[in-house]
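Below you'll find the structure, written out as structure tokens, and then a few comments.
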Amino acid sequence: MKLNNFIIGLYLLVSALLFISFFENLFVWGSFFANWLFLTIMFIYHLKIEKTYSPFLSAYITFNFLFFILAPMVQIGSFDEQSHAFPNYFPYSESKVVYANVLILCFHFCFFMSYLFFKKRHLKKPSTITVKDINSKYTPLTVLIILLAGIMTLYLSRSYIINLFTESHWITNARYNISVSGQLILKKVLYMMPLGAIVLIKSYFQNNRKITNNAIILFLVYILLITLLLVFKNPLTEKRNAIGPIYITLLFLFAPKTLNSNSKSFLFLFFSLVILFPLVAGLTHLDATIMEIINNPSLITEHYEKEGIVSSFFTLHYDAFANVMATAEYVSKHGMSFGFQLLSGLLFFVPRSIWASKPTSTGELIGNYVIDEYDFVYHNLSNPMVSEGYINFGFIGIILMATALAYFVVKLLNWLFSNDPLKRIMAFYFSVHLLFFLRGDFTNGFSYFIGTLIGVMLIPKAINVFLAWSFKKKKRVNESNA
């Protein structure tokens, strides 16, 4: 209870400082306050009323506070007569800010009402975990096969990984001419397979505590799989938005008590994104090499004294609100896509070589729009779920997208409380991935999760089923021969 009160106090303090220092048009101020007020209702429900552990709602509230309230208010508050454009060069307009907040508020309302409805109708009681449920006699062989597959993947992609350590991702991908589909298969499926095996071994050990020769061998496999995952997924070879969900999931796996309540998960995410993330984002824009920083650490303090932590809010990391406005303007000029844009995500696995007219992702579409209209220089932008729904079916699209998200979240809540360790870990993984998914665009958020789902859960289950079928078939053959 004391932790809940501390978090509520921290949240209200940050909010009060934000709104007191925001001197803008009354309608603009009121539109942000209306969104904050509804988000605060969700926040109080989550910490004070909700009995179910739901890291999904923690992620949802944290994301929306940071990207749809804090960041745009800081950006707007800095505008003057000489500079009044958002990070994507979209010009400030009071009416468009208010309209964007109306769209966001509509999404909040539909999501929260649907969340409460689906929880009441479809949420099951937490399962009782038993040895029979989570322990398969084929688990040791399954994880061994995954280890061998991981070692083979490491060997075949060794030069690619070495280059990722020494240069940027886009240079390495261009050097090896890896397509978007190829990157998805390699990074989200093959490189994530060790995580599924790690989960299986951990569950196996929790229910088989006897020290045997097989247990010792399996422990060595365990160490090798963890090492392999860290080689595939580390800050030097993976992007920040991808590394976060993996490492936080590992924290949940190995130290579940640190994130096993709504208050703990919210505090962790709120501190990480609202405080730590801007600090790190500001540091990444420091114009100095690692060796220069080591030799002269004062460069860091000088950078923050000159630029300030707030400067990170003016980067493209915080373009979500501006892209909602840009999408709304695009729809007013070009009309809705009537579901065509969704096909880019839902059919992400279909290559453009087969489907030449496949739609570009909505982030790229809006990126090209602000390039043409406002002389922007970068086309691969984010595009939040709010504007993904709006560009497809207008206000009806926002309702549909928010309702679908709430339904999917409740389904994953059932996974989080199931007796299947792979389902549980994938449910928690999505709760953190939700921060990336909400920022968009839909194509990347959806395809990245499906790729990880295949690598972490579906492939280990498929191997397990195949082994069970093979041994049963072999047993039937032996019995018939006898």
Side-chain angles (χ1 to χ4, degrees), residues 35 37-65 67-68 103-129 245 249 252 259-266 269 339 342 345-346 384-390 392-440 442 445-446 448-450 452-453 457:
N35 267 324
L37 186 61
F38 193 85
L39 203 63
T40 302
I41 293 172
M42 297 174 61
F43 169 68
I44 298 300
Y45 163 82
H46 183 49
L47 261 62
K48 287 290 190 178
I49 301 173
E50 188 170 33
K51 304 300 181 183
T52 307
Y53 172 53
S54 178
F56 307 96
L57 209 54
S58 295
Y60 183 92
I61 296 167
T62 301
F63 168 84
N64 282 281
F65 181 87
F67 286 90
F68 286 156
L103 299 181
I104 294 167
L105 182 59
C106 177
F107 191 93
H108 288 340
F109 180 81
C110 295
F111 171 79
F112 189 49
M113 293 300 104
S114 299
Y115 177 79
L116 296 177
F117 174 78
F118 290 132
K119 269 190 70 178
K120 186 176 181 180
R121 292 287 299 271
H122 300 292
L123 187 63
K124 301 174 184 177
K125 293 182 179 180
S127 302
T128 301
I129 303 172
T249 299
F252 175 76
L259 297 168
N260 65 348
S261 70
N262 291 336
S263 55
K264 291 178 181 178
S265 62
F266 181 85
L269 292 177
L342 284 177
L346 296 175
M385 292 300 103
V386 179
S387 46
E388 286 282 3
Y390 189 74
N392 280 282
F393 301 106
F395 273 97
I396 294 176
I398 291 176
I399 296 171
L400 291 175
M401 189 69 77
T403 304
L405 178 63
Y407 179 80
F408 188 61
V409 162
V410 172
K411 283 294 182 183
L412 287 178
L413 267 176
N414 285 323
W415 279 24
L416 189 64
F417 302 135
S418 75
N419 53 26
D420 186 327
L422 293 176
K423 283 186 176 181
R424 289 201 305 275
I425 209 67
M426 281 310 305
F428 183 84
Y429 176 89
F430 181 79
S431 72
V432 186
H433 177 75
L434 186 59
L435 297 165
F436 172 71
F437 186 78
L438 287 170
R439 183 171 178 258
F442 176 74
F446 181 74
Y448 286 4
F449 178 70
I450 296 300
T452 303
L453 182 71
M457 191 176 87

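Note that the numbering runs from 1 along the sequence shown for the chain.
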| query | Is the backbone of P384 close enough, under 3.5 Å, to the side chain of S387 for a donor and an acceptor to pair up by distance? | reply |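 Yes; judged by distance alone, with no hydrogens or angles, the pair exists.
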
| Expected output: side-chain H433 to main-chain G445 donor-acceptor under 3.5 Å | yes

Between [atom1] on residue [X] and [atom2] on residue [Y], distance to nearest 0.5 Å:
{"X": "F68", "Y": "L105", "atom1": "CZ", "atom2": "CG", "value": "12.0 Å"}
{"X": "L103", "Y": "I398", "atom1": "CG", "atom2": "CD1", "value": "4.5 Å"}
{"X": "L434", "Y": "M385", "atom1": "CG", "atom2": "CE", "value": "9.5 Å"}
{"X": "I396", "Y": "C110", "atom1": "CD1", "atom2": "SG", "value": "11.0 Å"}
{"X": "M457", "Y": "D420", "atom1": "CE", "atom2": "CG", "value": "7.0 Å"}
{"X": "Y429", "Y": "T452", "atom1": "OH", "atom2": "OG1", "value": "3.5 Å"}

| More than 12 heavy atoms of other groups within 6.0 Å of I44 CD1 | yes

| Counting only heavy atoms not in F109, do more than 12 fall under 6.0 Å of its CZ? | no

Can you name the closest pair of heavy atoms from [X] and [Y] and give their distance?
{"X": "M401", "Y": "L342", "result": "CE-CD2, 3.8 Å"}
{"X": "L412", "Y": "A427", "result": "O-CB, 3.3 Å"}
{"X": "S418", "Y": "K423", "result": "OG-CB, 3.7 Å"}
{"X": "I61", "Y": "L39", "result": "O-CD2, 3.8 Å"}
{"X": "H122", "Y": "N414", "result": "O-ND2, 3.1 Å"}
{"X": "N262", "Y": "P55", "result": "OD1-N, 4.4 Å"}

| request: Please lay out, stage by stage, how F449 and F437 fare under the test ring-ring contact (aromatic ring centres under 6.0 Å, His included). | output: CA-CA 9 Å; F449 178 70; F437 186 78; 8.1 Å; no

| Is there a side chain to side chain donor-acceptor pair (under 3.5 Å) between S263 and S261 once you walk through the steps? | CA-CA 5 Å; S263 55; S261 70; 3.1 Å; yes

State, with a plain yes or no, whether a side-chain heavy atom of [X] is found less than 4.5 Å away from one of [Y].
{"X": "T403", "Y": "F118", "result": "yes"}
{"X": "L259", "Y": "F428", "result": "yes"}
{"X": "V409", "Y": "L57", "result": "no"}
{"X": "P245", "Y": "F436", "result": "no"}

| F442 and L346: CA distance, side-chain angles, deciding distance, side chain to side chain contact (heavy atoms under 4.5 Å, CB included) verdict | CA-CA 9 Å; F442 176 74; L346 296 175; 4.0 Å; yes

| query | Parallel, tilted or perpendicular: which describes the rings of F252 and Y53, with under 30° parallel and over 60° perpendicular? | reply |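 If you compare the ring of F252 with that of Y53, the planes turn out parallel.
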
| message | Tell me whether the rings of F430 and F408 are parallel (<30°), tilted (30 to 60°) or perpendicular (>60°). | response | perpendicular

| request: Run the numbers on Y45 and F112 for ring-ring contact (aromatic ring centres under 6.0 Å, His included), then give the verdict. | output: CA-CA 10 Å; Y45 163 82; F112 189 49; 5.4 Å; yes

| When the aromatic ring centroids of Y115 and F56 are compared, is their separation below 6.0 Å? | no

| message | Using ring-ring contact (aromatic ring centres under 6.0 Å, His included), reason through F266 and F43 one step at a time and then give a plain yes or no. | response | CA-CA 9 Å; F266 181 85; F43 169 68; 4.8 Å; yes

